[in-house]
Each structure stands twice: as structure tokens, then as C-alpha cells.
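For clarity, every value in this text was computed on a predicted model and none was experimentally measured. What you see below is based on every heavy atom in this structure, not just the backbone, and it leaves out hydrogens, waters and symmetry mates.
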Amino acid sequence: MPLSTQSQGDAEQYVLVASLDNARNLSNILKAITFKDHAIFSATPNGLKVTVEDSKCLQANAFIQAEIFQEFTIRDDSVGFQVNLTVLLDCLNIFGGSTVPGVSTALRMCYKGYGYPLTLFLEEGGVVTVCKINTQEPEEPVDFEFCSTNVTNKVILLSESLKEAFSELDMTSEVLQITMSPSQPYFRLSTFGNSGNAHYDYPKDSDMMELFRCTKTQTNRYKMSLLKPSTKALALSCKVSVRTDSRGFLSLQYLVRNDDGQICFVEYFCCPDEEVEEQ
């Protein structure tokens, strides 16, 4: 493949090199967290973590394990930079994001370090395009301090059932209320929109529920405007883990299979709507 030799000559200059036979495997997962222009890229020997935030209230992380890449070389313990995600996605789809069977865009992504652009070598059908995207020093992501020891309630659902719930609830509602309880209603989603109040309940032994672990009754409201970006990840996923901690913070972790059947994770953290709780 032409790309394998494309940047071989100066490969030792790069602190990060990541190659994929199919660029869609990266672009699809990045689309699932694209709700702001800028993203923080953090690379370690384990793989790539891409973070997008909104007003310290919402954070999305995409985790792309090193094994998913055909080549993943990192010369430091960690490499970080900030980049315009919209521009990056435009570059990844420069050949039109072909969905023709057997036709894919190969990608080689290279970064020389602080002050250098992120360089993409894209090849499809023997045609190679080189894109250079300016990078910035990464900002420190907000630490939502969401740790498993503070998780009070957790359910794992098939994504299909959550999509069905959202199609039946009133999405004109300003908030989504989530009730999780060891007793009935177990797991309830509620909206308060133009056409009245709506509830969607899941029995704990539902076929759609893979895991139900609730230790106490919790009812929290979350701004719908903050949750809507996560529906992009929901559309791609096959399972979703819904967790709340003792403060009412919400974690939505989506399991996404790429075109090659490999698994990636997208996680959204959302803070509760305090104004509603105070009423």
C-alpha cells in the first residue's frame, strides 16, 4: 500500500503515528462526539482518547484502543494536542466517505510534537492526499470525578430499547428525568413537554436490560440540550450503560462496533440540572 512508505522516511521524527486501512473507523466514532469545534487528543501506548466539552456541564470521550489501528507508534508516555474536530472530519471524508463495498480510504496520521500540525496521509484508489491541520496546546479537561466506587445505580440496556424510548418521549421537554430504584418503577425516563408529561418504564427483568444494579432510589433531571449530542453515539451503538453517582452525575457509556466488528467506547458525562432540583 502506498501509504506504508509515504511517511516512512521521516517516521522517526514523529512522536505519534497511527494508521488505519479504513478511515471510516475513526471518522464514525469522532462524529459521535462532535458537538463543539475543538477536541483534545490524548494518546498513550493503550490508544487514543478524544475529549469534547461544553461549558463544564457536559463531556464526551471517545476511546479508540491501539489494537484497532494497523499501526500505532508513540514515542512518549503520552502525547496531547488540541485540534479543530470539524476540520479533521472534513479531511477524513475528503474522498466522500465511500460506502462502496471493497472501497475504503486508508489513513496514516502523524504528529511531530508541540507546535507542529497534525498531518494526515489519505489514500484511495492510488490517489494520495496530504492534509495538515494546525494544533494547539491542549486545555486540561474538566475532571468530573466520576469514579466507580461512588456509583449508586447502574443499568445496561440494548441501544434499540433506548432509541425506542426517545422516539416515544416528548423531546420538546427542557429536561429528561431519570428515576433509578431498587423497587418499582426500577428504571423510568420522564419528559415534561408541550404535549404533557410522558413516562417510559423498564421492568428490571426486561429482555432489553442486560444488567440491573440499583442500591437506592434516585431521581435526577438533566437538560435535554446537553443530552441531545449523545444521541449520535446512541445511533451507532449496540449497548449502553447508564450510571449515576451519589451526586446525581450521569455517565452514558456506549459500546460501538466499527465496520470491522471491533469495539470502541464513547462515554458522555452530564451534570444534573441543579435549578430543577432546588425547586
request  = Please state whether the rings of Phe212 and Tyr186 are parallel, tilted or perpendicular, taking 30° and 60° as the class boundaries.
outcome  = perpendicular

ask   = With hydrophobic residues grouped by side-chain heavy-atom distances under 4.5 Å, do Val87 and Ile29 end up in a single group?
value = yes

message = Can you tell whether the side chains of Glu210 and Lys239 come within less than 4.0 Å, N to carboxylate O?
response = yes

ask   = With a distance cut-off below 6.0 Å to the six-membered ring centre and an angular limit of 45° from the axis, does Arg221 pair with Phe192 as a cation-pi contact?
value = yes

inquiry  = As a test of understanding, state which of Gln218, Arg213, Arg243 forms a side chain to side chain donor-acceptor pair (under 3.5 Å) with Thr152.
reply    = Gln218

ask   = Should Ser161 and Tyr202 count as side-chain neighbours, where that means a heavy-atom distance under 4.5 Å?
value = yes

task = Quick one: do Ser251 and Glu267 satisfy side-chain hydrogen bond (donor to acceptor under 3.5 Å, both in side chains)? Show the steps, please.
result = CA-CA 7 Å; Ser251 156; Glu267 185 163 41; 2.8 Å; yes

query = In the single-linkage hydrophobic clustering (I, L, V, M, F, W, Y; side-chain heavy atoms under 4.5 Å), do Val266 and Ile156 co-cluster?
reply = no

remark   = In short, Ile94 meets Cys131 closest at the heavy-atom pair CD1-SG, 3.9 Å

inquiry  = Determine whether Ser19 and Glu71 satisfy the following criterion, side-chain hydrogen bond (donor to acceptor under 3.5 Å, both in side chains), listing intermediate values before the conclusion.
reply    = CA-CA 5 Å; Ser19 299; Glu71 176 193 1; 3.3 Å; yes

remark   = Residues Leu89 and Ser27: closest non-hydrogen pair is CD2-O, 3.6 Å

inquiry  = Would you call the rings of Phe146 and Phe269 parallel, tilted or perpendicular, taking 30° and 60° as the class edges?
reply    = tilted

message = How close do Ile263 and Ile68 get, counting heavy atoms only, and between which atoms?
response = O-CD1, 3.4 Å

query = Any side-chain heavy-atom pair from Gln59 and Thr51 closer than 4.5 angstrom?
reply = yes

key: Neighbour count >12 (heavy atoms, 6.0 Å) for atom CD, Glu139   = no

request  = Identify the heavy atoms of Phe35 and Ala60 that sit nearest to each other, and give their distance.
outcome  = CE2-CB, 3.6 Å

remark   = Of all heavy-atom pairs linking Leu85 and Ile33, the shortest is CD2-O, 4.3 Å

message = Heavy-atom count check: over 12 atoms from other residues, nucleotides or ligands less than 6.0 Å from Gln65 CD?
response = yes

query = Taking everything shown except Glu174 itself, do over 12 heavy atoms lie less than 6.0 Å from its CD?
reply = no

inquiry  = Testing the 3.5 Å rule here: is there a donor-acceptor pair between the side chains of Asn25 and Asp260?
reply    = yes

